[in-house]
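Worksheet: the structure to be examined is printed underneath.
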Amino acid sequence: MNGKKIGYVRVSTLEQNTERQLNGINLDKVFEDKCSGKDTNRPQLKLCLDYLRDGDTLYIHSIDRLARSLRDLLNIVQELLSKKVSIHFVKENMEFNGDKPNPNQTLYLNILGAVAEFERQMIRERQREGIALARQRNAYDKCGRKPSLTEKQIDEINNRLTNNETVSALAKEYDVSRQTIYVHCKKD
């Protein structure tokens with residue numbers, strides 16, 4: 001009996017897309033996460049791992065798409081192999097099958113997993129350095145979303161509200177939600 005061909009794809013943010021991952025591979029089902037690979041607490045990864053059965057093959061674009069921690073990577077691979085699920089890393093052209101252990105591939109998996117973990121740690125270090133420098137310039141508090149309304153707009157809206165203009169009309173005109181107006185402006 002042949003198992004199913006299952007795909008798992010992951011990108012780190014909602015803005016990124018997974019189109020290039022596993023492109024051209026005929027799969028029975030694909031699980032897709034749009035979140036960090038820093039740990040295994042990913043909804044679609046959990047569903048994927050629960051879904052896989054004896055004889056299935058899991059296709060993953062690259063090792064770092066599955067895990068950014070060597071421990072997590074090895075745990076997932078071991079869990080799948082114990083379920084008699086084959087794992088195929090497309091970019092690295094590596095396949096793991098519990099029936100045919102390959103010491104060279106196991107070594108390569110450990111090396112690439114360690115590199116992925118190192119890369120994750122370097123990203124975090126650069127983030128910490130950037131935040132520290134921004135704080136020194138007093139620019140860190142300026143990070144994040146810009147205010148929806150300027151102080152001048154808030155004053156204008158307050159004046160117009162006192163002239164009985166509706167919150168709905170003002171929200172539409174200033175391209176903000178009614179809640180934004182309720183939060184930032186006083187309605188007497």
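Everything quoted here is computed from the prediction, not taken from an experiment.
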Sidechain-backbone polar pair: Lys34 side chain, Gln16 backbone, donor-acceptor under 3.5 Å: yes

Can you tell me how far apart CD (Glu165) and CD (Glu156) are? Round to the nearest 0.5 Å. 11.0 Å

Residues two or more places apart in sequence or in another chain: which of them pass side chain to side chain donor-acceptor pair (under 3.5 Å) with Thr180? Ser177

Distance in Å, Cys48 SG paired with Arg42 CZ, rounded so as to fall on 0.5 Å steps: 10.5 Å

Donor-acceptor under 3.5 Å (Glu92 side chain, Ile63 main chain): yes

Is any side-chain heavy atom of Asn93 closer than 4.5 Å to a side-chain heavy atom of His88? yes

Would you check if the side chain of Gln153 reaches a backbone N or O of Thr150 as a donor-acceptor pair within less than 3.5 Å? yes

Ignoring hydrogens and angles, tell me if any N or O in the side chain of Glu32 forms a donor-acceptor pair with the backbone of Arg10 under 3.5 Å. no

Tell me if a side-chain donor or acceptor on Asp33 pairs with a main-chain N or O of Leu45 at a distance below 3.5 Å. yes

Show me the pairs that pass salt bridge (charged side-chain N to carboxylate O under 4.0 Å, His left out) and involve residues 60-88, at least two apart or across chains. Arg68-Glu119

Which value, rounded to the nearest 0.5 Å, describes the distance between Ile76 atom CD1 and Ile87 atom CD1? 9.0 Å

Salt bridge Arg160-Glu173, side-chain N to carboxylate O under 4.0 Å: yes

Is it the case that Lys91 places NZ or CZ above or below the six-membered ring of Phe89, under 6.0 angstrom from the centre and within 45 degrees of the axis? no

Can any side-chain N or O of Asp56 pair as donor or acceptor with the backbone N or O of Leu52 at less than 3.5 Å? no

With the side chain counted from C-beta on, respond yes when Thr57 and Ile6 share a heavy-atom pair under 4.5 Å apart, and no when they do not. no

Please answer whether the main-chain N or O of Leu70 pairs with a side-chain N or O of Glu117 as donor and acceptor at a distance below 3.5 Å. yes

Is there side-chain contact between Val30 and Tyr8, with at least one heavy-atom pair below 4.5 Å? no

Would Tyr51 and Phe31 count as a close aromatic pair, with their ring centres under 6.0 Å? yes

4.5 Å side-chain heavy-atom contact, Leu66 and His61: no

Output the distance between atom CG (Leu112) and atom CG (Leu73), rounded to the nearest 0.5 Å. 9.0 Å

Can you list everything that forms a side chain to side chain donor-acceptor pair (under 3.5 Å) with Lys172? Sequence neighbours excluded, please. none

Under the 3.5 angstrom rule, does the side chain of Asn110 hit a backbone N or O of Thr106 as a donor-acceptor pair? yes

